[in-house]
Amino acid sequence: MNIIKNPLLMWGTKKLAGYFLVFLAVLLSIGYILISFHTRYMFDDLGFSALVRDNGIWAAFKILYFSWETIYNTLVLFFLLKWNNYIPPYFYNISIFLLNIWCFYLLLKTIVRYHKIGITSKEMLLLAVLVISLTYFSGRARGYAVYWVTGQIVYCLFLSYLFLGLYFWIKGRLFLASVFMFLFAHTRINYDAIFIGLYVGYIISYWYENNKLVFNLKSQIPFLFFLFGIITYIIIPGNYVRLHSIRGPDPSLQIGVLVIMKGWISAFKHMSGIVLGSWKQLMILPIGLLIGFYFSNNASVQRFITPRFLLYYTLTFIICYIGQSTVIYISLKTPVGYNRIFFFLEMLLFILMLLYGMFAAFFLQSRLSPKIISPIGGFVFLAIIIPVSIDYYQSFKVTSVFAKAYDKRIQGLKDLRQHPPGKIVYVPKLPDSGVLEFMEIEPQSSNTTQLPDNNSVYVSYYNLPFKVYLAQ
């Protein structure tokens, strides 16, 4: 039975899938927000805040400019973290999360209008919430990318600049597009490599589809500002000081073309192993199935998501991955790097998986009866919603215990400032922080009297008149 011949059943499938998607979007968003209330400032949050408090924003910026990295985004970070004494960390978590959703919604809305796809504003907002909340939930470095305040500012907040840059670029507002593209280029060099991959993939797809390239220099002004932003990032002295301080798995490795190409293979194996090894990534495909069921009677969406379009997107994603892997390999002499640097790339991968799930749904709907499609949708929904609910519930319990213990530790250290018991204070280990991935302080070492960095930030931030170590 063809779905087109059963409009009432088709509408019932769409409505049911819509309820499922709204419930899932709300669950993912509320789950993240609730756990955000248990986040606490740590390591760089405290260290940067103390640096700004003791030296002022401009002096602190100059210190990091010559010893660490970045220009304007360091100023943004310093400005925000300057108010740590007054603003709880969950304020940043929730605000950046909502900002990501809104900026991605604006970009998605512009793309949909540009291609004349029949999707309502409410549907686009739902899709934006799903994409961002799924990336927050399913990303590998949840603690260091979406809960750790400094990590979220660096890896999530600045991604909104790209969304806004592309949004203004497509709308033809080149000045604002140029500003945001420059700002985005000056955040993460691996993010720059990914965007160049997107740009190259788009050009290749456009040329193959139209058998020609139409080049308008004026329309490429935002890209020129993007390139200028990369140059201003590369010349920062602190970048090279920081790279020199980082020892990769094989510091003696000589980087060459063949080595980098082998790194591409290693990186692909690494990411595919992560995706196939975790239900949090695999569940994105059936979620795409639900989205496809929802758009079962939307011919414009089905005409847009074709095998050729999926091929273009897949090719573009491969180019992006090669770009990031190459940059990371040159910088760290490893094709993988830290998990949190994959946040943007994982977002692109998750969107690709959703699109493949949608295409699979269109395929099933053309061959199965709507009476069968609806139970499939219900089963998929339950198979997703149950483990997600359990995961968030367990994470909430674990992080709640951690947050209370952390607050008790900090209050105890503050109380000891008035009557220090000695030159050294030992504190018990905190309980498991779960998805927050808290950076615990270190125990005292017999090899050195120097206070570890992760310990010293607490001493400097809280002005403690004693050293702090983890009790053994």
Side-chain angles (χ1 to χ4, degrees), residues 20-42 45 80 87-105 108 124-160 163 274 278-284 286-288 290-291 339-340 342-351 353-354 381 384-404 406 432-438:
F20 289 163
L21 293 173
V22 169
F23 189 89
L24 179 61
V26 171
L27 174 64
L28 289 169
S29 301
I30 296 300
Y32 171 76
I33 290 173
L34 289 176
I35 293 178
S36 293
F37 284 103
H38 297 152
T39 58
R40 296 295 184 267
Y41 292 122
M42 62 177 177
D45 305 333
L80 294 175
I87 301 176
Y90 60 77
F91 173 82
Y92 296 115
N93 292 146
I94 298 172
S95 299
I96 295 173
F97 173 68
L98 297 177
L99 180 64
N100 283 155
I101 291 174
W102 181 251
C103 293
F104 185 70
Y105 161 74
L108 182 62
M124 285 183 281
L125 180 59
L126 173 61
L127 292 176
V129 173
L130 282 171
V131 169
I132 298 299
S133 60
L134 275 173
T135 306
Y136 272 52
F137 177 78
S138 299
R140 290 175 293 169
R142 295 171 68 185
Y144 292 147
V146 302
Y147 290 112
W148 177 33
V149 173
T150 299
Q152 191 184 18
I153 291 173
V154 172
Y155 294 98
C156 302
L157 173 62
F158 297 137
L159 195 57
S160 295
F163 300 153
I274 292 293
S278 173
W279 64 270
K280 292 180 180 179
Q281 284 83 41
L282 286 176
M283 75 171 191
I284 296 174
I287 291 175
L290 290 177
I291 297 175
N339 279 345
R340 58 184 178 270
F342 282 84
F343 182 80
F344 184 19
L345 199 65
E346 285 181 327
M347 179 181 178
L348 296 178
L349 175 62
F350 296 160
I351 294 174
M353 294 173 69
L354 289 174
F381 172 73
I384 294 171
I385 215 71
I386 292 175
V388 170
S389 301
I390 293 174
D391 183 85
Y392 265 134
Y393 174 71
Q394 292 176 340
S395 294
F396 184 84
K397 288 199 305 181
V398 170
T399 55
S400 177
V401 173
F402 162 80
K404 292 176 182 177
Y406 176 91
D432 181 23
S433 61
V435 294
L436 301 182
E437 299 185 83
F438 178 75

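Values reported hereafter were calculated over all heavy atoms of this structure, with side chains retained and with hydrogens, waters and symmetry mates removed.
- To the nearest 0.5 angstrom, Ile287 atom CD1 is 4.5 Å from Ile384 atom CD1.
- In this structure, CZ in Phe20 is found 9.5 Å from CD1 in Ile385, a value given to the nearest 0.5 Å.
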Side-chain atoms of residues 127-135: list all donor-acceptor pairs with protein atoms under 3.5 Å, sequence neighbours left out, distances to 0.1 Å.
{"from": "Ser133", "atom 1": "OG", "to": "Val129", "atom 2": "O", "distance (Å)": "2.5"}
{"from": "Ser133", "atom 1": "OG", "to": "Leu130", "atom 2": "O", "distance (Å)": "3.3"}
{"from": "Thr135", "atom 1": "OG1", "to": "Val131", "atom 2": "O", "distance (Å)": "2.7"}

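- Heavy atoms only, all atoms of each residue included: Ile284 and Leu354 are closest at O-CD2, 3.4 Å.
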Distance-only check: which donor-acceptor pairs under 3.5 Å involve side-chain atoms of residues 93-103, not counting sequence neighbours?
{"from": "Asn93", "atom 1": "OD1", "to": "Thr39", "atom 2": "OG1", "distance (Å)": "2.8"}
{"from": "Asn93", "atom 1": "ND2", "to": "Tyr147", "atom 2": "O", "distance (Å)": "3.1"}
{"from": "Asn93", "atom 1": "ND2", "to": "Gln152", "atom 2": "OE1", "distance (Å)": "2.8"}
{"from": "Ser95", "atom 1": "OG", "to": "Phe91", "atom 2": "O", "distance (Å)": "2.7"}
{"from": "Asn100", "atom 1": "OD1", "to": "Tyr136", "atom 2": "OH", "distance (Å)": "2.7"}
{"from": "Asn100", "atom 1": "ND2", "to": "Cys156", "atom 2": "O", "distance (Å)": "3.0"}
{"from": "Asn100", "atom 1": "ND2", "to": "Ser160", "atom 2": "OG", "distance (Å)": "2.6"}

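- Taking 4.5 Å as the limit, every side-chain heavy atom of Trp148 sits out of range of all side-chain heavy atoms of Tyr155.
- You'll find the side chain of Met347 reaches within 4.5 Å of the side chain of Leu159, heavy atoms only.
- Within the 4.5 Å cutoff, the side chain of Lys280 has heavy atoms near those of the Arg142 side chain.
- Side-chain atoms of Arg40 do not come within 3.5 Å of backbone N or O of Pro89 as any donor-acceptor pair.
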Stepwise side-chain contact (heavy atoms from CB on, under 4.5 Å) test for Phe350 and Gln281: CA-CA 8 Å; Phe350 296 160; Gln281 284 83 41; 3.8 Å; yes
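- Considering CZ of Phe381 and CD1 of Ile386, their distance stands at 9.0 Å, rounded to 0.5 Å.
- Within the 3.5 Å criterion, the main-chain N or O of Val146 finds a donor-acceptor partner in the side chain of Tyr32.
- Listed by chain and number, the residues in a ring pair (Phe, Tyr, Trp, His ring centres under 6.0 Å) with Phe344 are Tyr191 (sequence neighbours excluded).
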Residues Asp391, Trp279; criterion side-chain contact (heavy atoms from CB on, under 4.5 Å); working and verdict: CA-CA 11 Å; Asp391 183 85; Trp279 64 270; 4.1 Å; yes
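- Rounding to the nearest 0.5 Å gives a distance of 10.5 Å between OG of Ser278 and CZ of Arg140.
- Rounding to the nearest 0.5 Å gives a distance of 10.5 Å between CD of Glu346 and CE of Met353.
- Between the CD1 atom of Ile30 and the CD1 atom of Ile35 there is a distance of 12.0 Å, given to the nearest 0.5 Å.
- Annotation: side chain of Leu436 is not in contact with side chain of Met42 (no heavy-atom distance under 4.5 Å).
- Remark: side-chain polar atoms of Tyr392 are paired, donor with acceptor, to backbone N or O of Leu28 under 3.5 angstrom.
- When side chains are defined from C-beta on, Phe402 does not count as touching Asp432, because their heavy atoms never get closer than 4.5 Å.
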